[in-house]
Amino acid sequence: MNERQHWVAPVTALPASLKPIAAMQKKHFGVILNPTRWWGRMPRLFWLVALFVGYLERRRARLDPALRSLLMTRVSQLCHCAFCIDANSLRLAERSGALDKVLAVSDWQNAALFNEAERAALAYAEAVTATPPQVTGEIKAALKRHYDDAAITEMTALLAFQNLSARFNAALEIPAQGLCDPLQGRPHA
């Protein structure tokens, strides 16, 4: 992590209760992820958030892993969360097997890479992320053509989680970590 001055400083030592999360992050990414150092002040709440996202990312989730990453990346961009863009772009690249969608998601309306179900979900993600949410009848109808009520409910929970995460990180100016290097210096929103 860089040594710049933060208006709310990250914790320098994580509480013992977060050591399992830190160990998993080190194993998977080679480092402890930046948000963990801010959430470290509230370990119980961080565990609840981790359990929430863990449930949304479960193997038997109603939404395909690549779609989840696509939506999380777009919400990250809309909330201008540098860390989230970095981390979710990496996941999207891994899950889709290429950088194409990562590089096109900010202009998804004009990119030919996205199918109709993805487009409906991306429109919904943007509508849910707006303040206040702007979910129109047209967006609802498009979404219902591709997803059942259970999938829409789970998608809404995923979008709400990503909004919480991205807004927390953006407000505290939690920096990216270079997890998805090809994005360095590229526009994201």
Original post:
Got a sec: does the CD of Glu138 have more than 12 other heavy atoms crowding it under 6.0 Å?
Top reply: no

Original post:
Under a 4.5 Å cut-off applied to non-hydrogen side-chain atoms, are Asn169 and Asn34 in contact?
Top reply: no

**OP:** Go through the steps to decide whether Thr73 and Ile85 satisfy the test side chain to side chain contact (heavy atoms under 4.5 Å, CB included), and finish with yes or no.
**Re:** CA-CA 6 Å; Thr73 300; Ile85 292 168; 5.5 Å; no

Subject >> No-hydrogen, no-angle side-chain donor-acceptor test under 3.5 Å, Asn88 and Arg91 >> reply: yes

Original post:
Which pair of non-hydrogen atoms, one from Ala166 and one from Cys79, has the smallest distance, and what is that distance?
Top reply: CB-CB, 3.6 Å

**OP:** With rounding to the nearest 0.5 Å, note down the distance linking CD1 in Ile174 to SG in Cys81.
**Re:** 7.0 Å

Original post:
Going through the distances and angles, do Ser96 and Ser69 end up as a side chain to side chain contact (heavy atoms under 4.5 Å, CB included)?
Top reply: CA-CA 9 Å; Ser96 66; Ser69 295; over 6 Å; no

Original post:
What's the shortest heavy-atom distance between Leu113 and Ala104, and which atoms?
Top reply: CD1-CB, 3.7 Å

**OP:** Report yes or no: do Val11 and Leu18 belong to one cluster of Ile/Leu/Val/Met/Phe/Trp/Tyr joined by side chain heavy-atom distances under 4.5 Å?
**Re:** yes

Subject >> Distance (rounded to the nearest 0.5 Å) between Leu63 CG and Ile152 CD1 >> reply: 10.0 Å

**OP:** Begin with the C-alpha distance, continue with both residues' side-chain angles, and end with the deciding distance and a verdict on side chain to side chain contact (heavy atoms under 4.5 Å, CB included) for Met155 and Leu143.
**Re:** CA-CA 10 Å; Met155 184 183 302; Leu143 206 60; 4.1 Å; yes

Subject >> Side chain proximity check, Thr129 to Arg167, heavy atoms < 4.5 angstrom >> reply: yes

**OP:** Output, in order, the C-alpha distance, side-chain angles, deciding distance and verdict of side chain to side chain contact (heavy atoms under 4.5 Å, CB included) for Cys180 and Leu99.
**Re:** CA-CA 10 Å; Cys180 195; Leu99 277 171; 4.2 Å; yes

Subject >> Rounded distance (nearest 0.5 Å) linking atom CZ of Arg41 with atom CZ of Phe46 >> reply: 13.5 Å

**OP:** Quick one: closest heavy-atom pair of Ile139 and Ala127, and the distance?
**Re:** CD1-CB, 3.7 Å

Original post:
Which heavy atom in Arg95 sits nearest to a heavy atom in Pro65, and how many Å separate them?
Top reply: NH1-O, 3.1 Å

Original post:
Does Glu118 come within less than 4.0 Å of Lys101, counting only side-chain N to carboxylate O?
Top reply: yes

**OP:** To the nearest 0.5 Å, tell me how far Met42 CE sits from Leu48 CG.
**Re:** 10.0 Å

Subject >> Straight-line distance of Leu158 CG to Glu57 CD, nearest 0.5 Å >> reply: 7.0 Å

Subject >> Min side-chain heavy-atom separation Leu90-Gln177 under 4.5 Å >> reply: no

**OP:** Could you tell me whether a side-chain N or O of Tyr147 sits under 3.5 Å from a main-chain N or O of Thr153, the two making a donor and an acceptor?
**Re:** no

Original post:
Are Leu71 and Gln162 side-chain neighbours, meaning at least one heavy-atom pair lies under 4.5 Å?
Top reply: no

Subject >> Closest heavy-atom pair and its distance - Trp108, Glu126 >> reply: NE1-OE2, 2.7 Å

Original post:
Can you find a pair of side-chain heavy atoms, one from Cys84 and one from Ser165, that are under 4.5 Å apart?
Top reply: yes

Subject >> Over 12 non-hydrogen atoms of neighbours within 6.0 angstrom of NZ in Lys19 >> reply: yes

**OP:** Give a yes or no answer on whether the side chain of Asn163 reaches the backbone of Leu159 with a donor-acceptor pair at less than 3.5 Å.
**Re:** yes

**OP:** State yes or no: do Met24 and Leu51 share one hydrophobic cluster built from I, L, V, M, F, W and Y residues joined by side-chain heavy-atom distances below 4.5 Å, directly or via other members?
**Re:** no

Subject >> Residue that, paired with Phe168, satisfies ring pair (Phe, Tyr, Trp, His ring centres under 6.0 Å) out of Phe161, Trp39, Trp38 >> reply: Trp39

Original post:
Are side-chain heavy atoms of Val31 and Gln25 found at a separation under 4.5 Å?
Top reply: no

Subject >> Path from Tyr55 to Leu164 over hydrophobic side-chain contacts below 4.5 Å >> reply: no

Original post:
When rounded to the nearest 0.5 angstrom, what is the spacing between NE2 in His28 and CG in Leu33?
Top reply: 8.5 Å

Subject >> Shortest non-hydrogen contact from Ala151 toward Arg62 >> reply: N-CD, 3.7 Å

**OP:** Answer yes or no: does atom CZ of Arg58 have more than 12 heavy-atom neighbours from other residues, nucleotides or ligands under 6.0 Å?
**Re:** yes

